[in-house]
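Written out below as structure tokens is the structure these notes cover.
All chains are named by letter (A, B, ...) in the order of the sequence lines, taking the proteins before the strands, and each is independently numbered beginning at 1. Source: prediction; values computed, not measured.
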Amino acid sequence: GAVVSQHPSWVICKSGTSVKIECRSLDFQATTMFWYRQFPKQSLMLMATSNEGSKATYEQGVEKDKFLINHASLTLSTLTVTSAHPEDSSFYICSARWDYSDTQYFGPGTRLTVL
Amino acid sequence: AQSVAQPEDQVNVAEGNPLTVKCTYSVSGNPYLFWYVQYPNRGLQFLLKYITGDNLVKGSYGFEAEFNKSQTSFHLKKPSALVSDSALYFCAVRDHGGDDKIIFGKGTRLHILP
């Protein structure tokens, strides 16, 4: 149980284009989803927290207009990297938890490479 | 503000020997503590957690961790290491009285030597 998927698993795009990453909870209703970014050999950095039907809460220093997060249903959240640049290349990981749960369950991650 | 420290970047253990991966934490209230494991190019897999109750917590794949309030530690242990245990391990903490966010340590790379 508690399976989270991400799509795509990897993506390569040209500078200036936008990329959408999907995060789905497959066997539970995710009232809260989290988006993280991980640089090589580093820990996870929380980008934003999203609750179903509400606007996402972004961490300090994360540009909300660049990283658009939508949590339209209890099983799907999307992260759109707008006008991507090479410095946005990274490993993006989502996690999800259900209401009153204290544990986050993580997706397999999406590797984004911007050329 | 909560924080997590994993003092070792890397731990090397011979296969069959016991292993320990260290973690200390700081929170203002009561902690929720977690261990996750990450294999190359993969997301994090939940291993175990401490919320309340017995200080010794047993988790997946034979791992366990001991909550020590006086030392503010939550070290991960396994009695007999396997080569397949080689991975990156993250300790994480959440303040029980705080928001949803959990804070991760920087990770410890565990190498099990055959």
Pairs touching residues 85-115 of chain A that satisfy disulfide (SG to SG under 2.5 Å), sequence neighbours left out: C23(A)-C94(A)
Passes side chain to side chain contact (heavy atoms under 4.5 Å, CB included), L44(B) versus L44(A)? Steps please. CA-CA 10 Å; L44(B) 275 65; L44(A) 280 72; 3.7 Å; yes
Count I, L, V, M, F, W, Y as connected when their side-chain heavy atoms are under 4.5 Å apart, and connections chain through other members. Are M33(A) and V4(A) then in the same cluster? no
Table up the donor-acceptor pairs between chain A and chain B that sit under 3.5 Å, atom names plus distance.
residue: Q38(A); atom: OE1; partner: Q38(B); partner atom: NE2; Å: 2.9
residue: Q38(A); atom: NE2; partner: Q38(B); partner atom: OE1; Å: 3.0
residue: S43(A); atom: OG; partner: G105(B); partner atom: O; Å: 2.5
residue: E59(A); atom: OE1; partner: K101(B); partner atom: NZ; Å: 3.2
residue: R97(A); atom: NH2; partner: D100(B); partner atom: OD1; Å: 2.8
residue: R97(A); atom: NH2; partner: D100(B); partner atom: OD2; Å: 2.9
residue: D102(A); atom: OD1; partner: K49(B); partner atom: NZ; Å: 2.7
residue: T103(A); atom: OG1; partner: K49(B); partner atom: NZ; Å: 3.0
residue: Q104(A); atom: O; partner: Y36(B); partner atom: OH; Å: 2.7
residue: P108(A); atom: O; partner: G43(B); partner atom: N; Å: 2.9
residue: R111(A); atom: NH2; partner: N41(B); partner atom: OD1; Å: 3.2

With clusters defined by side-chain heavy atoms of hydrophobic residues (ILVMFWY) lying less than 4.5 Å apart, directly or transitively, does M45(A) cluster with I93(A)? no
Side-chain heavy atoms nearer than 4.5 Å, only ILVMFWY residues, links allowed to pass through others: does that put V93(B) and V57(B) together? yes
Path from F34(B) to L110(B) over hydrophobic side-chain contacts below 4.5 Å: no
Chain A heavy atoms under 4.5 Å from I102(B): which part of the residue, side chain, backbone, both or neither? both
Are F106(A) and I103(B) in one and the same hydrophobic cluster, where Ile, Leu, Val, Met, Phe, Trp and Tyr link if side-chain heavy atoms are under 4.5 Å apart? no
Would one find more than 12 heavy atoms of other residues, nucleotides or ligands at under 6.0 Å from atom NZ of K55(A)? no
